[in-house]
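A short write-up of the structure that comes next.
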Amino acid sequence: MGTEKANEGAPVQLQGEIFRLPLPSSEKPSEIFSNIVHQAQYNPHFLPLKFDQEQAFYATALSVRDQLIKRWNETYFHFHKNDPKQTYYLSMEYLQGRALTNAIGNLEIQGAYADALTKLGYEIEDIADQEKDAALGNGGLGRLASCFLDSIATLNLPAWGYGLRYRYGLFRQRISKEGQEELAEDWLEKFSPWEVVRHDVVYSVRFFGHVEISSTGSRKWVDGEIIQALAYDVPIPGYKTKNTISLRLWDAKARAEDFNLFEFNAGHYESASQLHIKAQQICAVLYPGDTTENGKLLRLKQQFFLCSASLQDIIARFKERRDGKGTYQWTEFPSKVSVQLNDTHPTLAIPELMRLLMDDEGLGWDQAWDVTSRTVSYTNHTVLPEALEKWSQAIIWKLLPRHMEIIEEIDKRFKDMIRATHCDMETKIPVMQILDESNPEKPIVHMANLCVVSSHTVNGVAQLHSDILKTELFVDYASIWPGKFQNKTNGITPRRWLRFCNPELSSIITKWLKSDAWITNLDLLSGLRQFADNVELHAEWSSAKMASKRRLAQYIFHKTGVSVDQNSLFDIQIKRIHEYKRQLLNILGAIYRYKKLKEMSTEERQKATPRTIMFGGKAFATYTNAKRVVKLVNDVGSVVNNDSDINDYLKIVFVPNYNVSVAEILIPGSELSQHISTAGMEASGTSNMKFALNGCLIIGTLDGANVEIREEIGEDNFFLFGAKADNVPRLRKERENGLFKPDARFEEAKHFIRSGAFGSYDYGPLLDSLEGNCGYGRGDYFLVGHDFPSYMDAQDQVDEAYKDQKRWLKMSILSTAGCGKFSSDRTIAQYAKEIWGINPCPVP
Ligand code: 26V
């Protein structure tokens, strides 16, 4: 390219600078129209014969992508030139949802796109509806990662997200007579307009093989299988900024040389392409079943694949940028790179970074350890023992022999350190060690322990959860390294979760605050407090809620055939189905409500607050009790919704296939939402924040972020019930010892199910799990029985409060007004300052 003049006369200095020349696409409304038409005519994915909604979506998305790519390249070059310290967020999950509305919203070109589509005969909402959710995640942890990327871009922070490009993301849920059915969801069936394959970004990732020791004693991992990691990049635009960062998703493919032509021509097709088949398996599904050895091996492969490819990429970028400034020093790596582990799933990044530094770069142990431990930080997202990852040492030896050596050495050195400097803690070693050999037949590697020992910072995701980490789960480490532990209360992006999903409410807020600055400075919402009693605001607030309820009612009718009363209280619980989240408590309460309504006279019934109780969420495919709950909710719904005596007062709806875009319809239309986990078990929760932000009141326990939400919005605006976290162990013991006297209402609800009121399905095992001495398992471990009476009392308070709409509206306004703290912009600013040590690097 040299010094050639480009078409617009800009001098081109470097080869790469060609990407900085102006693109023919423009944000001008007149040109958007022709750009969409151009995409429809020339994009090679469809024949230009028809222009239906689907093709209009792809053409629109590709036209938006052009706008993004311009900003994206500029961001890349700006970061490249300035070489700031960068954060790399490693996560096995991202729940991006749809991208179109978000992208044009962040770029503030909604109006222009809406106009262009109108000219083409379409409504922008219908076109946006064509998009499939990118569901490369399972729940809160994945959605948090996506909210974080939005905030990182918006705050102009230099960072990347790294993940896997699963072919089938989270399954599609279908509800049949049997309950939940799982179907593979091929989000890439047509193509994703948002991803860009980088054919020049490919790394080799090794599995199996063995360690070779040279005559000098250096070690090298050799042989085994090589699978290639190929980068697919997704642009993440910030709001009202040029900065557009990357989510880099790795796909797996085998090398051409591993395709055995000879075998193939001999008709042995499978053995000819063995490695190709294996490569395909790596990114086939998110969380493949891991009950078999094969399943476990595949999960470990996925984790390592993400870690190895990402670290090779990070190191390559570090070298590339430092090389231009003279030879790099490894000691400066931690001042240029920070790696955040999203839970323990990417823990293998630790031994992999050690291996790359020692075996490939020639660093000694001490130097490699210093670099690694100053680079890596770890976020814990759960204290549930069954969710804390443990791997058998044997499987790691088999798949990653060099990494197992390194893990053993980290463990040995950690124990030596304890014995040398904290001899009083000798007895704590069995709980703190990384490698647990208490069963010599089956030694186990504790990934969370490896993370704590190797990271410079460990954080929890809400204050209560971080306190539990310091005083319970990681108490012994906290006594050695008190400064290592931090709290970073989760947050959500106000763009997706208010501005774009609830435009009616957003306009009202902007009108009353006389500015839309709240979108990037959510604390400004507190300015609504002064209007909490204002009747005009009440009228506007209530009409926005009504509009969202209407939209939700239409959606429910369309998806389930159930018609719901728009004047009833819309009560929602949406989240993964899990015993600790206690959807069972909710449905038992609903059953009791139904039974009482049945027993009432018509006059009595007329005084009741009508309710529509909605559930949504997926149960893990092999989680039997969770699937029983889904079945129960649906069975109860069928009976209640078809009972003409009750219909005006109660409906129970299971909204199928809950995902990000369904949440975007449900949350704006909600009036009450349930966050009712057993105290101490929900690390944070983030949907609680989304609901409260949209003026929905919360009924909840003192768990996770509920505690802080209640503090922020005021205790009068929160329906609190249930045991407190520090009483839970005692209450469980009492329950085990038969010292618990169940509430009559609780007994009545269970009995009603056992009587067969909701069909002939055997709910025995589910109900038995609620008994103190159920004969197996953990005997009402989640304290549904204990919390039931206070839950029902809180529900009575809800019914009363709803009757007084003035009071309810005030509480609703105060909920929104109190949500400033829960912006992921605040969370990310804290990570940037207190953990990552990175600074904004805005593209001029
Ligand atoms: C994973 C598993 C896997 C095995 C079966 C049981 C089980 C139970 C829970 C989990 C959760 C894994 C970590 C996770 O997703 N945590 C969630 O992270 C969110 C973001 O920080 C937080 O809001 C949720 O409270 C927390 O559950």
Side-chain angles (χ1 to χ4, degrees), residues 89 91-95 136-149 151 170 286-291 295-296 299 303 340-347 378-391 447-448 451 458-466 468-469 473 486-493 497 573-583 617-627 660 663 675-692 700-709 725 778 781-782 822 824 827-828 830-831:
Y89 198 79
S91 178
M92 290 293 284
E93 298 189 27
Y94 290 90
L95 270 180
L136 309 182
N138 144 86
L141 171 145
R143 183 53 231 174
L144 183 77
S146 296
C147 281
F148 278 6
L149 294 182
S151 286
L170 189 56
L286 165 73
Y287 293 131
D290 66 347
T291 42
K296 288 191 179 66
R299 284 227 197 156
Q303 296 189 348
Q340 185 68 38
L341 307 180
N342 196 22
D343 217 283
T344 53
H345 319 140
T347 305
Y378 154 60
T379 305
N380 172 284
H381 293 269
T382 181
V383 295
L384 260 70
E386 64 268 41
L388 291 174
E389 279 192 291
K390 296 168 199 80
W391 289 98
M447 303 311 255
C451 285
V458 175
N459 76 283
V461 290
Q463 191 60 55
L464 175 69
H465 170 237
S466 299
I468 292 174
L469 293 185
L473 191 62
Q486 293 194 12
N487 173 56
K488 293 285 165 279
T489 298
N490 282 165
I492 55 168
T493 165
W497 297 112
Q573 187 180 18
I574 40 174
K575 42 187 89 239
R576 289 304 297 248
I577 313 289
H578 202 290
E579 282 163 294
Y580 84 82
K581 296 181 188 277
R582 299 199 296 191
Q583 283 90 355
K618 295 177 182 177
F620 197 70
T622 53
Y623 191 171
T624 314
N625 255 2
K627 290 179 105 172
V660 173
H675 305 276
I676 58 177
S677 48
T678 316
M681 302 197 79
E682 186 73 271
S684 160
T686 42
S687 75
N688 41 8
M689 303 169 183
K690 295 166 196 165
F691 280 107
T701 46
L702 275 184
D703 199 15
N706 286 357
V707 178
E708 290 157 79
I709 295 175
R778 307 191 274 184
Y781 184 74
F782 304 99
F822 306 105
S824 47
T827 315
I828 284 300
Q830 290 178 330
Y831 273 94

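Atoms within a ligand are numbered from 1 in the order they appear, just like the ligands themselves. Both backbone and side-chain heavy atoms feed into the values below; hydrogens, waters and symmetry mates do not.
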Looking only at distance, does N490 have an N or O less than 3.5 Å from an N or O of ligand 1?
-> yes
Consider only side-chain N and O atoms of N138 and Y287, and report whether a donor and an acceptor are under 3.5 Å apart.
-> no
Have T379 and Q340 got a donor and an acceptor in their side chains that come within less than 3.5 Å?
-> yes
Quick one: does G685 get within less than 4.0 Å of ligand 1, heavy atoms only?
-> yes
How about N380 and Y378: does a side-chain donor come under 3.5 Å of a side-chain acceptor?
-> yes
Find all atoms of ligand 1 within a distance of less than 4.0 Å from any non-hydrogen atom belonging to V461, and give their numbers and elements.
-> 21 (O)
Going by the order shown, which atoms of ligand 1 are within less than 4.0 Å of some heavy atom of A683?
-> 25 (O)
Polar atom proximity, N138 to ligand 1 (N or O, under 3.5 Å) | no
Quick one: does Y623 get a heavy atom under 4.0 Å from ligand 1?
-> no
Within-shell test, R143 vs ligand 1, heavy atom, strictly < 4.0 Å | no
Q486-Q830 side chain donor-acceptor pair, cut-off 3.5 Å | no
Is there a nitrogen or oxygen of S684 sitting under 3.5 Å from a nitrogen or oxygen of ligand 1?
-> yes
Return a yes/no value: protein heavy atom under 4.0 Å from atom 5 (C) of ligand 1?
-> no
Would you say T382 and ligand 1 have an N/O pair spaced under 3.5 Å apart?
-> no
Which of the atoms of ligand 1 are close to Y580, meaning less than 4.0 Å from one of its heavy atoms?
-> 27 (O)
Does the side chain of N342 come under 3.5 Å of the side chain of H381 through a donor N or O and an acceptor N or O?
-> yes
Are any of the side-chain heavy atoms of Q573 and I676 separated by less than 4.5 Å?
-> yes
Short N or O distance, D343 and ligand 1, threshold 3.5 Å exclusive | no
Charged N to carboxylate O below 4.0 Å: is that the case for D290 and R299?
-> yes
Pair F691 + H675: ring centers closer than 6.0 Å | yes
Examine the side chains of Y781 and E579 and answer whether a donor and an acceptor come within less than 3.5 Å of each other.
-> no
Option nearest atom 10 (C) of ligand 1 (shortest heavy-atom distance, choices P385, A387, A626, A145) = A387
